[in-house]
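Presented below is the structure to which this report refers.
Note: hydrogens, waters and symmetry copies are ignored here, and every other heavy atom, side chains too, is used. Counting convention: from 1, in listed order, for ligands and their atoms alike.
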Amino acid sequence: MQVVKTKNQLRTILDAERSKGCSVGLVPTMGALHRGHISLVERCVQENDFSVCSVFVNPTQFNDKDDLIKYPRRPEKDAEVLQKAGCSLLFMPDEQEMYPEKDTRLFYFGPLEEVMEGVYRKGHFNGVAQIVSKLFEAVQPGKAYFGQKDFQQLLIVRKMVEQLNMKVQIVSCPIVREESGLAMSSRNELLTAEQKRKAALISKYLFESLTFVSKKRPAEIKEFVVNGVNAEPMLRLDYFEIVNGTTLQSIQEWTDSACVVGCIAVYCGSVRLIDNIVYKNAD
Ligand code: AMP
């Protein structure tokens, strides 16, 4: 596996690969890689001749300075697991390389960004769009891989690709969980053992709620999950919304949409965790 830090080095290597007729896939990450990330990389390796994984903790998507400072970083370990997963190239730029000057671009994704993470993390998706568009520009992948764990992000990235008329195909990959059910996240490393046990209740309530879908209305499911999380002193709910999986707008009845997803954000101590569950799927 090659490791490069600059866009120029990256371009030289990718131009050579493409001139041989190789397809290029990209997995954008912020590092501290876990099995969730690796599942994306493995899919990318399967579906492309040349797989690029980027590791960059993008400052413009952090609305909370402390979160950015605390965000786990371990580049050597990341390189090791990527190599094992069959990744062809690790792109590890520094901030100067990705933002030689301040990125003043403002994106607008309409109703998709006016709910959930868009409300609770002001400017977050603008930062995501800034970095993802820069990475797409630098790598020019045929396919790029994103996790369903960041469900709203996935829809925003698809929207961005549409708005900018980019050629890349966005591939969505299922959530990988710990044995406890807790959705894998780099931020899980910041939890104590006890917090981790409590954090597992988030997915427990989500999965339990799934079993009531045929008997209860969305508002009742919402109450069940919200009350469950609120009853636990170590957890603090930001939101739980049951939404149309295409528009992200809240639904009142199960028949309101062919695809319905429950999206949750919860603080466990000072660590913010997100998760979601598909109640109804269009396909
Ligand atoms: P991050 O490093 O948190 O920016 O995540 C990089 C990519 O990995 C994003 O597309 C995430 O949605 C995806 N991802 C993170 N955690 C998981 C998980 N537990 N299962 C599947 N994909 C994930």
Could [X] and [Y] be called an ion pair, given the rule that one side-chain N must be under 4.0 Å from one carboxylate O?
| X | Y | value |
| --- | --- | --- |
| Lys5 | Glu97 | no |
| Glu241 | Lys222 | yes |
| Arg272 | Glu117 | yes |
| Glu162 | Arg158 | no |

Could you list the atoms of ligand 1 found under 4.0 angstrom from a heavy atom of [X]?
| X | value |
| --- | --- |
| Met30 | 1 (P), 2 (O), 4 (O) |
| Asp150 | 11 (C), 12 (O) |
| Phe146 | 10 (O) |
| Lys149 | 16 (N), 17 (C), 19 (N) |
| Ile175 | 20 (N), 21 (C) |

Has ligand 1 got any nitrogen or oxygen that is less than 3.5 angstrom from a nitrogen or oxygen of Met184? yes
N/O of His37 under 3.5 Å from N/O of ligand 1, yes or no? yes
What protein heavy atom lies closest to [atom]? Include the residue and the distance to one decimal.
| atom | answer |
| --- | --- |
| atom 20 (N) of ligand 1 | Val176 N, 2.9 Å |
| atom 10 (O) of ligand 1 | Gly147 N, 2.9 Å |
| atom 3 (O) of ligand 1 | Tyr71 OH, 3.8 Å |
| atom 21 (C) of ligand 1 | Pro174 O, 3.3 Å |

When Ile, Leu, Val, Met, Phe, Trp and Tyr are grouped by side-chain heavy atoms lying under 4.5 Å apart, directly or through other members, which residues fall in the same group as Met234? none
Where does the angle between the aromatic ring planes of Phe212 and Phe224 fall among parallel (under 30°), tilted (30 to 60°) and perpendicular (over 60°)? perpendicular
Parallel under 30°, tilted from 30 to 60°, perpendicular over 60°: which one fits the rings of Tyr239 and Tyr120? tilted
Under 4.0 Å, heavy atoms only, figure out whether ligand 1 is touched by the backbone of [X], its side chain, both or neither.
| X | value |
| --- | --- |
| His34 | side chain |
| Pro28 | backbone |
| Leu40 | side chain |
| Ser185 | neither |

Would you confirm whether Ser172, through its side chain, and Gln148, through its main-chain N or O, come within 3.5 Å as a donor-acceptor pair? no
Under a 3.5 Å threshold, yes or no: a donor from one side chain and an acceptor from the other, between Gln130 and Thr60? yes
Taking only residues at least two apart or on different chains, which pairs with a member in residues 59-80 satisfy ring-ring contact (aromatic ring centres under 6.0 Å, His included)? Phe62-Tyr71
